[in-house]
Amino acid sequence: MDSAIVQPTPDKLQVTAHTQYDAPESLAPSAVAASPLDQFRTWFTDVQGTAREPESMTLCTSTAGGVPSARIVLFKQLDPRGFVFYTNYTSRKSQELRANPRAALVFYWPEVHRQVRVVGRAEQVSRAESEEYYHSRPRGSQVGAWASRQSTVVAEGEVQDRARKIGERYTGEVPLPEFWGGWRIVPDEVEFWLGKPSRLHDRVRYLCIEGSPEGAPQWKVDRLAP
């Protein structure tokens, strides 16, 4: 069943139907990996070639006063500590992560009726890690990192003009800007969601056990009501 809008008016949209979820597999605490990072690795590998742009994730940050903001960013790496993405360090998201280093991520893969939700602490990755990733990017993306003062108001054509001048300045290797690099979300909560008929979804949540070693966290795994 496709989404349907009933009696749209200039000031109202009402969605009355939605495609039924029907994942063929099941999800249970007894059947998942001991670590949520290992479970994520399995799921992310599974959806390659099936989900469209599976690395897209929603990143939610908030100000020190608790005002939230969310946007889609691209997941770039899973390492033993957490989930890594890259951005401008002067952007709104980076300013908010410095003011309030707590964040949430959501991966949604509708093609397979799966979702992963992550809550954790934000930390900057090392300069060496940022260097390695930055120099793997196409030259145009490297120039773009210099040209865009992300989240600031700009005039029409200003960014393109700046990119042209930067491209002319750096005829060889484009260096990594001081204001650009990676963030890592170190999770203390991860939930795996599997869409099932009649909204009776499978939900499995990992919570980091307080006091467990940071380098080898222990996890409590529970089923949540849909």
Under a 4.5 Å cut-off applied to non-hydrogen side-chain atoms, are [X] and [Y] in contact?
X: Glu53; Y: Leu74; value: yes
X: Ser130; Y: Tyr89; value: yes
X: Gln20; Y: Arg199; value: yes
X: Leu27; Y: Glu25; value: no
X: Val125; Y: Val84; value: yes
X: His201; Y: Gln115; value: no
X: Lys196; Y: Pro226; value: no
X: Glu111; Y: Val47; value: no

Tell me if a side-chain donor or acceptor on [X] pairs with a main-chain N or O of [Y] at a distance below 3.5 Å.
X: Ser198; Y: Leu200; result: no
X: Trp146; Y: Pro175; result: yes
X: Gln218; Y: Ala216; result: yes
X: Tyr133; Y: Phe85; result: no
X: Gln77; Y: Phe83; result: no

Can you name the nearest heavy-atom pair linking [X] to [Y], along with the distance?
X: Ser212; Y: Pro217; value: OG-CA, 3.6 Å
X: Tyr134; Y: Ala145; value: CE1-CB, 4.0 Å
X: Ala23; Y: Val112; value: CB-O, 4.3 Å
X: Gly82; Y: Leu37; value: N-CD1, 4.3 Å
X: Thr58; Y: Ala70; value: CG2-CB, 4.1 Å
X: Trp109; Y: Ala51; value: CD1-CB, 3.9 Å

Neighbour count >12 (heavy atoms, 6.0 Å) for atom [atom1], [X]:
X: Glu132; atom1: CD; result: no
X: Arg52; atom1: CZ; result: no
X: Arg162; atom1: CZ; result: yes
X: Gln48; atom1: CD; result: yes

If hydrophobic clusters are built from ILVMFWY residues whose side chains come within less than 4.5 Å, do [X] and [Y] share one?
X: Leu224; Y: Val204; value: no
X: Leu207; Y: Val119; value: no
X: Phe75; Y: Leu105; value: yes

Which value, rounded to the nearest 0.5 Å, describes the distance between [X] atom [atom1] and [Y] atom [atom2]?
X: Arg71; Y: Cys60; atom1: CZ; atom2: SG; result: 7.5 Å
X: Thr63; Y: Arg92; atom1: OG1; atom2: CZ; result: 8.0 Å
X: Ser62; Y: Asn100; atom1: OG; atom2: CG; result: 4.0 Å
X: Ser91; Y: Gln150; atom1: OG; atom2: CD; result: 4.5 Å
X: Asp161; Y: Ile166; atom1: CG; atom2: CD1; result: 10.0 Å
X: Phe44; Y: Leu78; atom1: CZ; atom2: CG; result: 9.0 Å

Query - Ring centers of Phe40, Phe192 separated by less than 6.0 Å - result: no
Query - Phe107 ring center within less than 6.0 Å of Trp43 ring center - result: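 Not close enough - the centres of the two rings lie 6.0 Å or further apart.
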Query - Worked check of side chain to side chain contact (heavy atoms under 4.5 Å, CB included) between Arg164 and Val143 - result: CA-CA 9 Å; Arg164 177 183 56 78; Val143 170; over 6 Å; no
Requested in this report: List the steps and the verdict of side chain to side chain contact (heavy atoms under 4.5 Å, CB included) for Leu176 and Arg127.
Outcome: CA-CA 9 Å; Leu176 171 66; Arg127 178 76 176 178; 3.4 Å; yes
Query - Verdict with reasoning, Tyr21 to Leu194, per side chain to side chain contact (heavy atoms under 4.5 Å, CB included) - result: CA-CA 9 Å; Tyr21 300 106; Leu194 191 64; over 6 Å; no
Report summary line: Sorted by chain and residue number, the side chain to side chain donor-acceptor pair (under 3.5 Å) partners of Asp11 (sequence neighbours excluded) come out as Thr9
Report task. Check side chain to side chain donor-acceptor pair (under 3.5 Å) between Glu131 and all other residues, then give those that pass, not counting sequence neighbours. Result -> His135
Only pairs under 3.5 Å count here: list side-chain donor-acceptor contacts from residues 177-191, not counting sequence neighbours, and write none if there are none.
{"from": "Trp183", "atom 1": "NE1", "to": "Ser94", "atom 2": "OG", "distance (Å)": "3.0"}
{"from": "Arg184", "atom 1": "NE", "to": "Asp79", "atom 2": "OD1", "distance (Å)": "3.4"}
{"from": "Arg184", "atom 1": "NE", "to": "Asp79", "atom 2": "OD2", "distance (Å)": "2.9"}
{"from": "Arg184", "atom 1": "NH1", "to": "Glu123", "atom 2": "OE2", "distance (Å)": "2.8"}
{"from": "Arg184", "atom 1": "NH2", "to": "Asp79", "atom 2": "OD2", "distance (Å)": "2.9"}
{"from": "Arg184", "atom 1": "NH2", "to": "Glu129", "atom 2": "OE1", "distance (Å)": "3.4"}
{"from": "Arg184", "atom 1": "NH2", "to": "Glu129", "atom 2": "OE2", "distance (Å)": "2.8"}
{"from": "Asp188", "atom 1": "OD1", "to": "Arg102", "atom 2": "NH2", "distance (Å)": "3.4"}
{"from": "Asp188", "atom 1": "OD2", "to": "Arg102", "atom 2": "NH1", "distance (Å)": "2.8"}
{"from": "Asp188", "atom 1": "OD2", "to": "Arg102", "atom 2": "NH2", "distance (Å)": "3.1"}
{"from": "Glu189", "atom 1": "OE2", "to": "Arg117", "atom 2": "NH1", "distance (Å)": "3.3"}
{"from": "Glu189", "atom 1": "OE2", "to": "Arg117", "atom 2": "NH2", "distance (Å)": "2.7"}
{"from": "Glu191", "atom 1": "OE1", "to": "Arg117", "atom 2": "NE", "distance (Å)": "3.2"}
{"from": "Glu191", "atom 1": "OE1", "to": "Arg117", "atom 2": "NH2", "distance (Å)": "2.8"}
{"from": "Glu191", "atom 1": "OE1", "to": "Arg203", "atom 2": "NH2", "distance (Å)": "3.1"}
{"from": "Glu191", "atom 1": "OE2", "to": "Arg203", "atom 2": "NE", "distance (Å)": "2.6"}
{"from": "Glu191", "atom 1": "OE2", "to": "Arg203", "atom 2": "NH2", "distance (Å)": "3.3"}

Query - Test side chain to side chain contact (heavy atoms under 4.5 Å, CB included) applied to Gln39 and Tyr206, step by step - result: CA-CA 10 Å; Gln39 184 64 33; Tyr206 293 75; 3.6 Å; yes
